[in-house]
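Report on one structure; see the data block that follows.
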Number of protein chains: 2
Amino acid sequence: MEEPRKRARPGRSPAPAGRTARPRQAEVARLAGVSQATVSLVLADKREGPAISEETRQKVLEAARSLGYVPDPAARRLAAARNNLLGVFSFTATFPTDVQHSYYPFLVGVEREAAERGYDLVLFTGSSTGGAGAAGPEALSRVRLADGCLFLGRHAPVQELGRLVTDGFPVVHLGRRDDPEGLHWVGADYVSAAHEVVDHLAALGHRRMVLIREDDEAPASTDREHGFLKGLETAGLHGGPETVFRSADPARDLTPERLRGWLADGVTAFVAEETDTGAAWRALLRAVADAGLDCPRDASLALLGSPPADLADGPEPTGFDIPRTRLGAAAVRMLAALVAGEEATEPLVACAFRPGATSGPPPAVHGH
Amino acid sequence: MEEPRKRARPGRSPAPAGRTARPRQAEVARLAGVSQATVSLVLADKREGPAISEETRQKVLEAARSLGYVPDPAARRLAAARNNLLGVFSFTATFPTDVQHSYYPFLVGVEREAAERGYDLVLFTGSSTGGAGAAGPEALSRVRLADGCLFLGRHAPVQELGRLVTDGFPVVHLGRRDDPEGLHWVGADYVSAAHEVVDHLAALGHRRMVLIREDDEAPASTDREHGFLKGLETAGLHGGPETVFRSADPARDLTPERLRGWLADGVTAFVAEETDTGAAWRALLRAVADAGLDCPRDASLALLGSPPADLADGPEPTGFDIPRTRLGAAAVRMLAALVAGEEATEPLVACAFRPGATSGPPPAVHGH
DNA sequence: CACATCGATTAATGCGTATTAGTAATGCGC
DNA sequence: GCGCATTACTAATACGCATTAATCGATGTG
C-alpha cells in the first residue's frame, strides 16, 4: 500500500535489465523460435489438445531449461480461474499457546491431504481483530480469497456462514453442525462408534448396561446415545429409558449407592459419555472406587471417547478414539470435491475402537 | 492441471449463474453505477492519485460490502501489487505427526505477529512430493503468490532460495544461515546467550571453565563457542584453546578421569553445547555422576540451550531457552519490513537466561 | 465567448499464462 | 487436381486487478 512500486513502463522493452528479470514464456518462445502459445502447450504437457511435434517440444524444453524458466504462479492461477488455495478459518488463534486445545491433530490431516491434492492452505484467524482487517461481520468474507474454506470450532457465526453457503462458496465445517441450512460438515461417526462399544460389551456377556451422560443437547451427545441404544437393540438387549442416566452434575448425582442399586438390578457395564470436562467418566470412576468395586472384575466400564489428559496414565479405558487427523483429511477431501463442483463426499469418519482394560466378562451370577 | 475446467465462453455473459460466482470489481462497479477503475481506486485507498468524491466512495464501499467482495490475490499479484499474504514454507510437513519436531512454537509467534499486522498466512507445503505437485524447482516458486515468504528448516535448497533472493523476492529464513548470499534470516542470539551464561558463572566465582561441544560446524555451534570465549574474555579469564573440549562422541571421550583431571587443574564449571541429541549434556551429566561428584557443590554445570525432553524432569539446568515464539514473530516483522521495501529489522533475538539449579559457587579451595 | 484549469471519472492497457479459434501446410482419396 | 482431413502451430483473447492517459463537465479568466 505504501510504495506504488515502479513497474516497467507500458512501452516495449520487455526485458530491460538483461539478466535480472525472470524469463517469461515469451522469452523462451523467442529463443526457441516459436510462439508463446506453443511454449505454454509444451510445458502444459497435456495428452489431449493440439499436437506438438517432438522436434518443437525438444526445442522448447531446451530453451526453457537454459533460461531457467519457472512459471509465474500468479499468472497461472489467474488464467486458470482458480488459485489452488484452501482456507482454514478458526475463531480462536489457529495456534493457541495452550497446546491442549490446539487443532494440531486436525491440521496434521488437513495439511497432508491438501498437499496430496496440490492445494496450499491459507490461514485465517478470526481472532485477529487487532490488525488491519476490520473485525466486522464481513471479516468472514476474507475467506473468499480461497477456493473454499474449512471452518474449525463451534463459534462460527451462523449468519455469516449462511451467507457464504447461499452464495455458493464451498464451505466445510469440521464437526457436525446443522445450523446454517445446507452447510457441509464432516464429523466423527459417534453413532457407529458407540454401537461398537456396546457390541463389545455384549460380546463379553453383559446383558444390562447403563449410559451415563451429561445434560446437554449437542449432536455429539445425542449421537452417542443413539448409537448406544441401537447397540442394545442389535444385541437384543433391553433399551428402555432407564438405561440412560442423565445428569447435569454427575459428580453429585452418581453416588456409590446408586451404583450398587444398578448392580443389584443386574447391570454389569457402565458407559460414560465423553465431554470436554470428562465429568461423567470421572464421576463413574469415583463412584466405582468409593463403592469398593474392582473395575474389570466387578463391573465393566467404557468411555465413549478418549480420556481427559490428566487421566492418561490410569488404565486405558475401553472405548474409542476420535480420528482427528483423519477428520482433517476428510474435511479437505470434501472441500476439494465441492471446489471441483462435485458432490460432497462422505461426512462421517469412523472412530477407532479401543479394547482397553476397563472391561471384561461380567461377574458370574450365583443364582444362575 | 488435470481438468481443463470449462471457463465462461469468451463471449459476453460475465456473471452467468447469479449468486454463485465470486464477485469481481466489475460487479461491484455495476452495482454502484461506476466503472471498474473507480472501484479499484476506491478500494486502493491511496492518498495520492486521482481524487474520488466522498459520495462515490461511499457508494462503492457499500456495494463491495453488500456483495462480500474480496480481491483475487492472484490478479493482484499479477498486476504488480500486494496481496497481504505472507507465505510460510517448510520442507518437511509443517505439522508433522511427531509433535516433537514441530514448528509449533514458531508458528504461534508467526501467526500472532502476522495477524497483528493484518497479514494472512499461506502455508506452502514443500514435502508434498508424493502427490500431484512434481517436486521440481518450481515447487519453491509457488511462494511467489505471496508478498514474501518465510522459510523454516535447514533443508531449503540453496539454488532455488538464491533464485528468489536475487529476483528481489522478499525471503526470510528462520534460523541463521549464510548460504545463499544475501539471504535474510532471524536467529537466536547464541553469542550473547552463551556470554551471559559465562557471566553468571563468573559472578558466582568460577575462574576456570570448560566448554564441551560436539564436532560440527553449524553456525549455532560456533556462535555458542564465540559467546563462551567472549564471556571468558570479558570476565578477564583465561580463554585458551584448552577451554574448549571438542569431541565427535562425547559419551566416549568425556570420561570421569578426564573430568577429575580438569578439576585438579582448577576447573570448577562445565558448559555443554546443546544439540539435537543433547549428547554433550548427557555425557557431562554421566561423567559427573560416575566420578561421584555432586553437581551444584563439587562442580557447576550449564547447558547452552534447553534440555532434551527426556531429561525434563531432572534438575533444571543453568542455561537459556530459545525464544521460539519470539523468533517467529521477529521473522514476520522482518518479512513485513522487506515487503514494504524497508531495511531488514534486527535479525537476532535474545535468549531467555535460566538460572537453573546446576550451578552455584565453586568449592572452596583449601590452599588459598 | 473562446480557452486554459481543475476535479472526477472512465477507457484502455499491461501483468504472464491457458485456451480456443483459426491458419498454413501436408496427406489422402477419387 | 480439388475437396477434405489431419497435423502443427500461431493469433487472439480472457483471467481480475492496478495504473495511466484521456474525457467530460464545471469553473474561472482575459
Side-chain angles (χ1 to χ4, degrees), chain A residues 1 3-15 21-30 32-46 48-57 59-60 64 69-83 144-145, chain B residues 1-15 21-29 32-46 48-57 59-60 64 69-83 138 141 144-145:
Chain A
M1 296 293 138
E3 205 185 6
R5 164 164 296 206
K6 276 314 174 354
R7 98 189 317 181
R9 251 171 256 82
R12 290 304 96 66
S13 64
R22 285 196 320 143
R24 315 282 133 168
Q25 285 189 352
E27 300 166 33
V28 175
R30 205 172 310 143
V34 298
S35 73
Q36 174 268 324
T38 302
V39 173
S40 176
L41 289 174
V42 169
L43 296 180
D45 199 21
K46 289 278 179 63
E48 21 175 342
I52 299 284
S53 73
E54 190 51 29
E55 186 194 343
T56 301
R57 166 185 305 282
K59 271 192 310 188
V60 169
Y69 169 80
V70 172
D72 179 330
R76 197 191 264 267
R77 290 174 184 193
L78 181 56
R82 94 177 350 201
N83 47 59
R144 298 181 118 108
L145 149 174
Chain B
M1 298 294 126
E2 306 301 71
E3 205 185 7
R5 158 153 299 204
K6 278 310 175 0
R7 96 193 313 183
R9 254 172 256 81
R12 292 303 94 67
S13 67
R22 273 196 341 153
R24 316 274 118 137
Q25 285 189 348
E27 300 163 36
V28 175
V34 299
S35 72
Q36 175 267 323
T38 303
V39 174
S40 177
L41 288 174
V42 169
L43 296 179
D45 199 23
K46 290 277 181 65
E48 19 175 343
I52 298 283
S53 72
E54 190 52 28
E55 186 194 343
T56 302
R57 165 185 306 281
K59 270 192 310 189
V60 170
Y69 169 79
V70 168
D72 179 326
R76 245 172 131 101
R77 274 307 275 177
L78 190 56
R82 303 251 165 78
N83 259 172
E138 49 200 280
S141 162
R144 302 182 113 109
L145 180 66

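- D/dA11 atom P lies 13 Å from atom CG of A/L41, rounded to whole Å.
- Where A/V39 and B/Q25 each meet DNA chain D at their nearest nucleotide, the meeting point lying more 5' is that of A/V39.
- Rounded to an integer number of Å, the gap from CD of A/E54 to P of D/dA8 is 11 Å.
- Taking 4.5 Å as the limit, some side-chain heavy atom of B/P50 sits within range of a side-chain heavy atom of B/L41.
- In this structure, the CD1 atom of B/I52 is 10 Å from the C1' atom of C/dG7, given to the nearest Å.
- Between the two ends of the helix from C/dC1-D/dG30 to C/dC30-D/dG1, each summarised by a five-pair axis, the helix axis turns through 70° (rounded to 10 degrees).
- Here the P atom of nucleotide D/dT19 and the CG atom of B/D45 are 13 Å apart, to the nearest Å.
- Rounded to an integer number of Å, the gap from A/L78 CG to C/dG14 C1' is 12 Å.
- A close approach under 4.0 Å does occur between a side-chain nitrogen or oxygen of A/T56 and OP1 or OP2 of D/dC9.
- Two residues are said to be in side-chain contact when any heavy atoms from C-beta on lie closer than 4.5 Å; B/S141 and A/P71 fail this criterion.
- Using a 4.0 Å heavy-atom cutoff across all strands shown, A/L43 reaches no nucleic acid atom at all.
- Listed for the B/R76 side chain is a donor-acceptor partner under 3.5 Å among the backbone atoms of B/R82.
- Separating the CG atom of A/L145 from the P atom of D/dC17 is a distance of 11 Å, rounded to the nearest angstrom.
- Taking only side-chain nitrogens and oxygens, B/K46 comes nearer than 4.0 Å to OP1 or OP2 of D/dT19.
- Side-chain N or O atoms of A/N83 include none that pairs as donor or acceptor with a backbone N or O of A/R77 at under 3.5 Å.
- The side chain of B/A37 approaches C/dT10 more closely than any other nucleotide in the set C/dG16, C/dT10, D/dA8.
- Considering only heavy atoms from C-beta on, A/D72 comes within 4.5 Å of A/R24 through its side chain.
- The side chain of B/S40 sits closest to D/dC17 out of D/dC17, D/dT10, C/dT10.
- At the heavy-atom level, B/P50 lies under 4.0 Å from base atoms of the strands shown.
- A/S53 comes within contact range of the sugar-phosphate backbone alone, with a heavy-atom separation under 4.0 Å but no base atom that close.
- With salt bridges taken as basic N to acidic carboxylate O contacts below 4.0 Å, none links A/R30 and A/E27.
- Judged by distance alone, the side chain of A/R144 and the main-chain N or O of B/R22 form no donor-acceptor pair under 3.5 Å.
- To the nearest angstrom, P of D/dT20 lies 14 Å from CD of B/Q36.
- A/N83 places its CG atom 15 Å from the P atom of C/dA18, with the value rounded to the nearest Å.
- Mapping B/A75 and B/S35 onto DNA chain C by nearest heavy atom places B/S35 at the nucleotide closer to the 5' end.
- Among the nucleotides D/dT19, C/dC15, C/dA18, the one closest to the side chain of A/R24 is C/dC15.
- Here the side chains of A/V39 and A/Y69 are not in contact, with every heavy-atom distance at 4.5 Å or above.
- Nearest nucleotide to the B/R76 side chain, out of D/dC17, C/dT17, D/dC9: D/dC17.
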